[in-house]
Amino acid sequence: MKIGVLALQGAVREHIRLLQQTGATAVAVKRAEELSDLDGLVIPGGESTTIGKLVKKYELTEPILALHRAGKPIFGTCAGMILIAKNIGPEEEPHLGIMDITVKRNGFGRQRESFEAELAVKNIADDYPAVFIRAPYIEKVEPGVEVLAEVDGKIVAAKQGNLLAMSFHPELTEDPRVHAYFAEMVRESMAEKAV
Ligand code: GLN
């Protein structure tokens, strides 16, 4: 099982370290040809406009969409969540536009630019130490999207089939439970294909 971490910006090494702890092979990917043999992909946080531009520049849109069409799980954290959302507000074009969520960028505003919260994340943990950094939240989910966690009534984690999205940075903790959950999604998707 080989999981790629999109290495255009963000805490790539931290994601790789936690994925490896789950027993997966994890690699940094940046070129189109490195994406084709992946079983799953993590899109880290950073700055979504920048990551979006780099995805275009390196011609990664189509290879990522191809992974999605092939049923390979994709996990977007923070800016990565903005990248996969179908709707990021009226002023901005969506980037990859694959998950049926409407995202509000920098949704927690100035007062709570960065904060930590102990979070109940459905099917993952009752007490996950979630780190939020200028985090977006999910304003609206379409049918078929399962809400996994909320903070102050705002959705901060969701799943739709093989897509997983979180507002926070699970790579900035020592807690491997989120990565273990994603690795399990990848394992299951491979098992389905083998049948
Ligand atoms: N606010 C950033 C954006 O809109 C995301 C922040 C993050 O990934 N930590 O791209």
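Each ligand, and each atom within it, is numbered from 1 in the order the structure gives.
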J.: Side-chain heavy atoms under 4.5 angstrom apart, residues restricted to Ile, Leu, Val, Met, Phe, Trp, Tyr: same cluster for Met81 and Phe108?
T.: no
J.: Which option wins on minimum heavy-atom distance to atom 3 (C) of ligand 1: Glu113, Met81, Arg105, Lys104?
T.: Arg105
J.: Tell me, which protein residue and heavy-atom name are nearest atom 10 (O) of ligand 1, and how many Å apart are they?
T.: Ser48 N, 2.5 Å
J.: Does ligand 1 come near enough to Cys78 that some N or O of the ligand is less than 3.5 Å from an N or O of the residue?
T.: no
J.: Flag Thr49 as yes when one of its N or O atoms lies below 3.5 Å from any N or O atom of ligand 1, and as no otherwise.
T.: no
J.: Give the residue and atom name of whichever protein heavy atom lies nearest to atom 9 (N) of ligand 1, and the separation in Å to one decimal.
T.: His169 NE2, 2.8 Å
J.: Is the closest side-chain heavy-atom distance between Lys140 and Asp100 below 4.5 Å?
T.: no
J.: Just which atoms of ligand 1 are under 4.0 Å from any heavy atom in Ile82?
T.: 3 (C), 4 (O), 10 (O)
J.: Ignoring hydrogens and geometry, is there a side-chain-to-backbone donor-acceptor pair from Ser167 to Pro136 under 3.5 Å?
T.: yes
J.: I would like to know whether Glu113 and Arg134 meet salt bridge (Lys or Arg N to Asp or Glu O under 4.0 Å); could you show each step before the answer?
T.: CA-CA 5 Å; Glu113 273 215 330; Arg134 285 186 284 284; 3.7 Å; yes
J.: Pull out every atom of ligand 1 sitting under 4.0 Å from any heavy atom of Glu47, numbered as shown with elements.
T.: 10 (O)
J.: Please confirm whether the backbone N or O of Arg31 pairs with a side-chain atom of Glu34, one donor and one acceptor, at under 3.5 Å?
T.: yes
J.: Do Leu172 and Leu8 belong to the same hydrophobic cluster, where Ile, Leu, Val, Met, Phe, Trp and Tyr are linked whenever their side-chain heavy atoms lie under 4.5 Å apart, directly or via other members?
T.: no
J.: For atom 5 (C) of ligand 1, tell me which residue out of Gly46, Gly45, Pro136 has the closest non-hydrogen atom.
T.: Gly46
J.: Identify the protein heavy atom lying closest to atom 1 (N) of ligand 1, giving its residue, its atom name and the separation to 0.1 Å.
T.: Asn106 OD1, 2.7 Å
J.: Treating Ile, Leu, Val, Met, Phe, Trp and Tyr as nodes and any side-chain heavy-atom pair under 4.5 angstrom as an edge, say whether Val12 and Leu67 lie in one connected cluster.
T.: no
